[in-house]
Amino acid sequence: MRDLLDFAGWSKPDAEDLFATADVMAEVLRRPVKRVPALQGFTVCTAFFENSTRTRTSFELAARRMSADVVSFAAGTSSLAKGESLRDTVETLVAMGVDLIVVRHSASGAAHLVRRFAGVPVINGGDGARAHPTQALLDAYTLRAHWGELSGKRVVILGDVLHSRVARSNLELLPLLGAKVVLCGPANLLPQSLSGPNLEVSPDLDSALDGADAVMALRVQRERLEGGLGVSLPEYAARYQLNRSRLDRAGPRALLLHPGPMNRDVEISSDLAGDPRSCVLEQVHAGLAIRMAVLYHLLVGKKERAA
Ligand code: CP
């Protein structure tokens, strides 16, 4: 693994290899002193051109847990405001000696662009509606903690699929691990172009939920909804909000996922977030071990290959 931009070229053993490293990192995180020297001497730069709470914080914490130095580039207070380009910004950061860049950007494809001129490993922390690979890895890792194996499981991804990089990355990863993915949402937020093995598209929520082993509610991305929902938010909530009675339809053992941030009482009823079936905070916790594993594979793997 040279970069992590998406799952192109990945196989099931690649994901399992990463999960095995994440298991080791999870053990580190259970220790009284949650720090190892694995990345001592490396500098990780988080370059976020779009807001984030979970992804930026957990990458920075993951790097620090492995003794790396962290540079946190804040787009809002940077020289971008003076007209500096994305390329000049990245080349400037690399010239200061950073060893790896985690990039988030509102434009689909921005992470690939950054890779072209960075000259150091790049991790996609979410680019437009295209990909968010570490989110999908932490989602799968959370499900694996409950099920052991994802093979044969039915995972419903519900809501604003059109604008969701989380959905696209899960669509690449979950079928690779043997799960069947069912996409469900309003027709105008459900791209018909998406297709693939182990993928089903269903605008009907009740039939999508029947027999689901897990339901992932997606955030309604109001900031990207140029064409509008086609319905009002209350109408959307009435037809597609994941609430207790709908999750009950999937079953008492069905798991609930949400990548966050949640719009409570829009795509998910507020009471359901605290339901025993909810894995929302488990997902956040899993993100730390997964991001430690990704940083370790990119930086230490690279060093070993160079030796
Ligand atoms: N899930 C996710 O990417 O959250 P943030 O936008 O807070 O990073």
Side-chain angles (χ1 to χ4, degrees), residues 4-7 18 22 44-65 70-76 100-111 114 122-143 145 155-174 181 185 189 214-225 242 255-264 266-268 272-273 278-295:
L4 178 58
L5 305 180
D6 50 37
F7 295 113
L18 191 86
V44 170
C45 175
T46 53
F48 277 49
F49 299 85
E50 189 188 77
N51 293 350
S52 164
T53 296
R54 279 147 284 269
T55 311
R56 181 203 276 271
T57 310
S58 69
F59 264 117
E60 294 183 356
L61 205 48
R64 290 196 173 101
R65 293 283 187 243
V70 175
V71 175
S72 185
F73 167 78
L100 178 148
I101 296 179
V102 184
V103 63
R104 167 169 291 190
H105 202 285
S106 58
S108 300
V114 168
V122 173
I123 298 173
N124 185 357
D127 63 333
R130 220 190 66 79
H132 193 350
T134 57
Q135 179 67 46
L137 284 166
L138 74 86
D139 292 338
Y141 189 66
T142 302
L143 294 174
V155 180
V156 175
I157 300 182
L158 170 64
D160 184 2
V161 177
L162 182 66
H163 300 98
S164 178
R165 54 195 175 212
V166 175
R168 280 180 184 75
S169 283
N170 269 295
L171 268 175
E172 288 184 315
L173 184 64
L174 296 180
V181 175
L189 296 181
V215 186
M216 181 185 298
L218 298 174
R219 182 171 72 87
V220 172
Q221 300 197 25
R222 288 181 253 197
E223 73 276 26
R224 296 191 222 274
L225 276 171
L242 190 60
L255 300 175
L256 160 65
L257 304 179
H258 192 302
M262 289 185 279
N263 291 310
R264 287 176 183 259
V266 179
E267 71 269 1
I268 182 168
L272 197 56
S278 169
C279 300
V280 173
L281 294 179
E282 280 175 55
Q283 289 171 269
V284 174
H285 186 69
L288 202 47
I290 283 291
R291 288 173 177 132
M292 287 170 78
V294 170
L295 291 170

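Indexing begins at 1, ligand by ligand and atom by atom, following the structure's order. Every heavy atom of this structure was used, including side-chain atoms; hydrogens, water molecules and symmetry mates were not.
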Notebook entry, point to check: So which protein heavy atom does atom 1 (N) of ligand 1 come closest to, and at what separation?
Noted result: Pro259 O, 2.9 Å
Next item on the list: Run the salt-bridge test on Arg130 and Glu172 with the 4.0 Å N-O cut-off and return the result as yes or no.
Entry: no
Margin query: Is it the case that the side chain of Arg165 and the backbone of Gly128 share a donor-acceptor pair, with hydrogens and angles ignored and the cut-off at 3.5 Å?
Written below: yes
Item checked: Sidechain-backbone polar pair: Arg104 side chain, Gly125 backbone, donor-acceptor under 3.5 Å -> yes
Notebook entry, point to check: Looking at atom 4 (O) of ligand 1, what's its closest protein heavy atom, distance included?
Noted result: Arg54 NE, 3.0 Å
Item checked: Side chain proximity check, Asn124 to Asp127, heavy atoms < 4.5 angstrom -> yes
Notebook entry, point to check: Is ligand 1 under 4.0 Å from a heavy atom in the side chain of Gln135, in the backbone, in both, or in neither?
Noted result: side chain
Note to self: Against ligand 1, does Arg104 come closer than 4.0 Å with any heavy atom?
What the structure shows: yes
Notebook entry, point to check: Just checking, is any N or O donor in the side chain of Gln283 or His258 under 3.5 Å from an acceptor N or O on the other one?
Noted result: no
Checklist line | Close-contact set for ligand 1 against Thr53 heavy atoms, below 4.0 Å | finding: 5 (P), 7 (O), 8 (O)
Check: Just distances here: any N/O of Arg56 and N/O of ligand 1 closer than 3.5 Å?
Finding: no
Note to self: Under 3.5 Å between any N/O of Gly260 and any N/O of ligand 1: does that happen in this structure?
What the structure shows: yes
Checklist line | Short N-O contact, Arg56 and Glu60, less than 4.0 angstrom | finding: yes
